[in-house]
Structure formats: structure tokens, C-alpha cells
Amino acid sequence: MTIQPIFQTAIDPQKLEKLAEVAVQVGLRLEKGQDLVITAPIASLPLVRLITKHAYKAGAGIVSTFYSDEETTLARYQYAPDASFDKASDWLYEGMAKAYANGAARLAIAGDNPMMLAGQDPAKVARANKANSMAYKPALEKIANFDINWNIISYPNPAWAKQVFPDLPEEVAVAKLADAIFAASRVDLADPVAAWADHNANLKKRSTWLNGERFAALHFTGPGTDLTVGLADGHEWHGGASTAKNGITCNPNIPTEEVFTTPHALKVEGHVSSTKPLSHQGTLIDDIQVRFEGGRIVEAKASKGEEVLNKVLDTDEGARRLGEVALVPHSSPISASGILFYNTLFDENASCHIALGQCYSKCFVDGASLTPEQIKAQGGNSSLIHIDWMIGSDKVDIDGIKPDGSKVPVMRKGEWA
Ligand code: ZN
Ligand code: ZN
């Protein structure tokens, strides 16, 4: 008698194993004795098992995984009493914050069905998200402030694969999405760890150039876009590997192609159009058009998901202001794949983007030593949300504006100038 594996998939097992190794050795750089907290969709169990194996081989103290599942999430929307939607599992998030305070690393496996909540009441979705964001804040701050090493990596769940390749049979769609994830995560190469070292060096070269230029603002022009993004005082550009406050140099996002910094929360002017749909917690928001005045979004439209977009913008005062601006060449491998992933981790790395909400304190010179008040005084935004959306394409030009008003070409037709 043979024991059936729980999940049989069309995913290349060797590459999946390499993805697990990259998560532990490049993404997290897990240290001997360090604990690890994983959150994962239940469908990604094969990857969780491999990551757990490699984490213990790297000397992990204890690995704890918390699973989510689409059907149980939907059961809440179908059957839970109305008051449920203002609740969150506070105790769980408090526990996570405690684990990070005690030095645990954090790994999230992305890959939920991007349309999971599309058919649900947007008001309930927004309330549940808000309750969750509030409960999660102490833990999220430890991640956003880079107190610990952390990583997000993806697994090709069937529901996600079907969204990306709707015309293919499920098994073929999963295999195709798996290959796209492997290529974007550089695990299809002979030595993925060495490939990541090269890639990190290239991103470092870009961020070093931008830091030397000390631009006061970036000016984006393209179809439906004429946007000036003032940069925060003492902003610093980052990209690729990053050193957390615990001294570990990790790659928080796999894949990653961006260099990014902090805009000035009060100095964004003009209008901008999205260049790809935004998949936000189960809803698709498409053709976003917003207008900024004094850093604040004063007008927001979308051809799809406009109600959800406006609910997001009403989360708090900081939700209408920018917390990140990021540059990605149009020729990035993810963009070149031509696939729309309906997943920010991938789509944001196909295109220049901006993020509504919370800024990263590490995107300031000496960011680790700044208080929240100092960050605010320098133009850093704060919010419960951080939502990236894409504004770059091969039709968008970007100029850097120096403090004296002179302009330096940064990108032309989506490529580094
Ligand atoms: Zn980004
Ligand atoms: Zn972001």
C-alpha cells in the first residue's frame, strides 16, 4: 500500500525545493537558533514543508506556521453575525508581535485567490480589513521598521493560476504559473544564490546613483499622467538586499526588481493613471485615476472597484497620501513575461509604482534612529495601509528635479535614461 500525498501537483519538485532554499538562504538569511513565524495559504503546504526542512537545516529554533483557507474565510462572510466584521484575532497578532520582539524572523507565502472576496459586501470587507489592520499594527510595525529579517515568497495556488490563465486546464495553469514564479524568483538558474548576489549588486548601483543625485522631486509624464512626487527630506533610496536592525541582511521580497524611497506626504501634485489593475484583498480595481493636491488625493476614479478604492482611501487620513515611490524598468523580467499576475508582489516588479499609506522608516538617512515625530516632520506618511499600484509603462518618462529646479532624465519610455 502506498500513502497518497495530500496534494499532487504539476509543479517541478526540484525547482520548488530550490525556491525553499532561496527563501531561507537569500530571502530570510535565517540565523542559527532563530525562530521563524510563517503565514501561508493551506494550498501551499508542499512549499511550507520544504521551507521548514531547510529552516531547521539552517539551525532554526522553532518554526511555527499559521494557515489560511479560502473556504473558511468565505464561511465567515456567509454565516458570521454582523458584529464579527469589526473583530480580529488580536491574541494571534499580539503573539506574533511578541515573537518578533523576541527575535523571530517572519516569512509570508503569498498566492491566495486574488478574487476570493470579489463577490462579498465591500463594506464588510473593508470593516474586516480595518479590524485586522488595527490588530496587526504592532506586529506590522516591527516588519515595516525592519526590526527583524523577513521575506515574502509565492506559491502557485490553483485558484490564483486559474485567474492568471483562465483559458487553460487547471493543471496546466498551475504548471505555467509555477514556471513564471520560478523564473521571476531566479530559481530556474543553475546557482540561484549566486544569481541573487549579482542582482542585488545591480540594484545597489541604481540606488547609489539616485542617492548621489539628491532629487527634490520626480516628475512622471505619460498617457493620463502628469505627476510631481516631492521626495521626503533626508529620503534614502533602497533596493534588493537590506540590513535589518537585528543586523541580518535579507531580501524581503522575492522577486524584487525595484528601487524605492519615501515621497513627501505634503508635496505630491497633479494627476496619475494606473497602468495595470490592482488586486486588493480579493477585489480587482482597474483604470485608477486620481488627482493630488498638497500631497492628498482629492479625486479618485476607477472603471472597476471604485467603491472599494474609495473605502480604502477613507481608512484614515494617511490613506490618501503616498508612502512609497518605486522605479522599475519596463524591461524587467516580470514585465517581459507579459503576464498579469493579479498579485502585487509580481506586478509591482513589472512597473514603476506608488504606494498609498505607510512609509518605510528605513527609506530615510539614519532612518533607524528617527522617532515617528521626526519622520513625520521630514515628510514621512503614516497609515494603517500600504497599497502599491502601478503607474509605469513603456510610455512613461521620468525626470529628477534638483532643489534648484534643474532636471535630470531618470527614465525614458520606461527604461533607465
Ligand atoms: Zn514597492
Ligand atoms: Zn510597497
Side-chain angles (χ1 to χ4, degrees), residues 27 106 108 110 129 133 136-137 140-141 143-146 150-154 184-185 199-200 202-204 206-207 210 218 220 227 229 231-232 235-242 244 250-265 268 272 274-281 285 288 290 297 309 312-313 315 318-330 332-335 341-364 367 375 380-393 396 398 410-411 414:
R106 153 91 169 126
N129 285 342
S133 300
Y136 191 32
K137 195 166 191 201
L140 184 61
E141 275 174 353
I143 298 167
N145 294 337
F146 235 87
W150 58 274
N151 172 243
I152 307 181
I153 204 150
S154 291
S185 309
H199 182 47
N200 280 328
N202 275 329
L203 292 170
K204 181 94 197 159
R206 297 293 179 198
S207 56
L210 287 160
L218 296 177
F220 292 76
L227 183 74
V229 178
L231 300 180
H235 69 272
E236 190 168 82
W237 289 88
H238 284 268
S242 230
C250 64
N251 264 92
N253 287 1
I254 288 185
T256 186
E257 302 288 338
E258 61 173 344
V259 290
F260 58 103
T261 195
T262 303
H264 197 295
V268 183
V272 60
S274 65
T275 50
K276 281 171 182 286
L278 164 64
S279 170
H280 176 64
Q281 295 179 326
I285 308 176
I288 301 171
V290 301
I297 292 178
L309 173 65
V312 164
L313 294 175
T315 308
R320 286 184 180 271
R321 298 179 186 274
L322 295 187
E324 180 194 341
V325 59
L327 305 181
V328 179
H330 182 71
S332 89
I334 296 169
S335 177
F341 287 87
Y342 298 95
N343 177 319
T344 301
L345 185 57
F346 288 81
D347 293 326
E348 78 160 350
N349 284 303
S351 164
C352 293
H353 55 272
I354 48 180
L356 303 170
Q358 183 64 40
C359 73
Y360 290 110
S361 60
K362 73 162 181 176
C363 287
F364 286 94
I375 286 173
N381 191 31
S382 89
S383 171
L384 287 172
I385 66 160
H386 176 99
I387 298 172
D388 300 273
W389 52 284
M390 313 330 140
I391 62 166
S393 77
V396 174
I398 305 169
V410 174
M411 284 192 163

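Counting starts at 1 for both ligands and their atoms, in listed order. Hydrogens, waters and symmetry mates are skipped; everything else that's a heavy atom, side chains included, is used. Keep in mind that what you see is a predicted model, and the values were worked out from it rather than measured.
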What orientation do Phe260 and His238 show, parallel under 30°, tilted 30 to 60°, or perpendicular over 60°? tilted
Here the vertex angle at the Zn ion (ligand 1) for NE2 of His353 and OE2 of Glu324, given to 10°, is 100°
Considering just N/O/S atoms, say which atom of Glu258 is closest to the Zn ion (ligand 1). OE1
Could you confirm whether Glu348 has any N/O/S atom lying under 2.8 Å from the Zn ion (ligand 2)? no
Cut-off 3.5 Å, side chains only: do Ser351 and Lys276 have a donor facing an acceptor? no
Relative to each other, are the rings of His235 and Trp237 parallel, tilted or perpendicular (30° and 60° limits)? perpendicular
Answer yes or no: is there a donor N or O on one side and an acceptor on the other, between the side chain of Ser207 and the main chain of Val259, under 3.5 Å? no
Would you give the angle at the Zn ion (ligand 2) between His386 atom NE2 and Asp388 atom OD1, to the nearest 10°? 110°
